[in-house]
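Worksheet for the structure shown next.
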Amino acid sequence: MAPIGSLWGVSYQRQTKYILSTAAIAGLELDVKPFEFGVTNRSPEFISKFPFAKIPAFEGEDGLTLLEGASIARYVASLAPESRLLGNSIKDAALVDQWIHFAEHEINMYSDYIWQMVKRFFPENAYSESVHKSIFERQERSLKFLEQNLSVREFLVTDEITLADIVLAAVIQRAGRVTLGAAERAVYPNVFAHYARVAGDPRIRDIFGAAEFVEVPLAPKKDE
């Protein structure tokens with residue numbers, strides 16, 4: 001089978017995992033290009049295709065260019081409707097989109113924000129313990145909602161893996177490396193059972209790789 005297009009990304013990036021997992025389940029091939037941060041995405045050739053210089057980035061065989069991991073993955077899924085990665089109906093597709101947005105904006109956004117604060121990517125002295133606590137509580141609210149939903153079903157939309165499940169699993173893997181230590185993970189057994197179910201699927205297990213969860217949530221060092 002000829003590749004459906006070219007992909008620029010890095011394997012540990014959650015958005016790249018969305019796309020590679022979608023292609024694997026859909027039975028589609030991608031031409032994954034070599035990529036080096038700060039080099040490949042600053043080259044004139046790359047910028048001529050993707051002026052924002054961001055990855056993951058996709059170029060279809062027909063010349064279509066796309067940014068944003070979920071959007072690329074959704075396009076890939078649409079090329080193989082028989083995979084049912086977008087569900088079985090228009091309503092299912094809307095629910096898939098709903099859960100993708102929820103995972104990215106109500107869970108992952110807070111993981112990223114806390115990671116950036118802890119790693120001091122903000123201006124000097126910008127870290128705030130009260131802001132950290134507030135963001136963690138917002139993520140906690142979203143996880144409680146998700147836990148309740150997953151208490152009555154194995155997957156988010158249908159009785160098999162959809163793109164929503166792939167995105168959520170990648171987002172939860174990220175949260176387990178940043179905001180959710182062992183004690184926090186124990187509070188959400190259904191969420192992490194879902195993660196294990198999706199990330200452990202033989203078709204995509206190697207793409208997700210080892211969990212590498214933290215024992216305690218990331219926090220600034222005491223001497224910082």
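What you see is a predicted model; the values in this text were computed from it and never measured.
Side chain to side chain, Q139 and S111 meet the donor-acceptor criterion of an N or O pair below 3.5 Å. Using a 3.5 Å distance cut-off with no hydrogens or angles, the side chains of Y18 and E104 do pair a donor with an acceptor. No side-chain donor from either of R174 and N108 sits under 3.5 Å from a side-chain acceptor of the other.
For the pair F58 and T65, the minimum side-chain heavy-atom distance is 4.5 Å or more. Between V131 and Y113, some side-chain heavy-atom pair lies under the 4.5 Å cut-off. A 4.5 Å side-chain heavy-atom check between F213 and F192 finds at least one atom pair inside the cut-off. Side-chain atoms of I107 and L146, non-hydrogen and from C-beta on, do get closer than 4.5 Å to each other. Inter-residue side-chain proximity for L66 and Y75 is flagged as met; some heavy-atom pair is nearer than 4.5 Å. Counting heavy atoms from C-beta on, the side chains of T158 and N88 come closer than 4.5 Å. Looking at heavy atoms from C-beta onward, L28 lies in side-chain contact with V76 at the 4.5 angstrom threshold. T40 places none of its side-chain heavy atoms less than 4.5 Å from the side chain of P34.
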If you apply the rule side chain to side chain contact (heavy atoms under 4.5 Å, CB included), what do you find for L30 with I4, and how did you get there?
CA-CA 6 Å; L30 289 164; I4 60 170; 3.7 Å; yes

Criterion side chain to side chain donor-acceptor pair (under 3.5 Å) on E68 and S71, from CA distance to verdict:
CA-CA 5 Å; E68 302 300 339; S71 296; over 6 Å; no

Dump the intermediate steps for side chain to side chain contact (heavy atoms under 4.5 Å, CB included) on N41 and K54, then the final yes or no.
CA-CA 7 Å; N41 58 321; K54 179 180 179 180; over 6 Å; no

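Here the closest heavy-atom approach between residue I161 and residue L85 is recorded as O-CD2, 3.8 Å. Across all their heavy atoms, L20 and V32 have their closest contact at CD2-CG2, 4.0 Å. Heavy-atom minimum distance, R177 versus E212: CG-O, 3.3 Å. I166 and K17 make their closest contact through CG2-O, 4.3 Å (heavy atoms, listed as atom of the first residue, atom of the second, distance).
Ring planes of H194 and F155: perpendicular class, angle over 60° (limits at 30 and 60°). The aromatic rings of F208 and Y195 stand perpendicular to each other, their planes meeting at an angle above 60°, with 30° marking the opposite boundary. Ring planes of F37 and F35: perpendicular class, angle over 60° (limits at 30 and 60°).
A salt bridge does not link D159 to R153: none of the charged nitrogens lies less than 4.0 Å from a carboxylate oxygen. Using a cutoff of 4.0 Å between basic side-chain nitrogens and carboxylate oxygens, E137 and K133 are scored as salt-bridged.
The six-membered or imidazole ring of F50 lies near that of F46, with a centre-to-centre distance under 6.0 Å.
Put simply, the side chain of D201 never gets that close to the backbone of R197: no donor and acceptor are under 3.5 Å apart. Panel note: side chain E147, backbone N190; a donor-acceptor pair is recorded below 3.5 Å.
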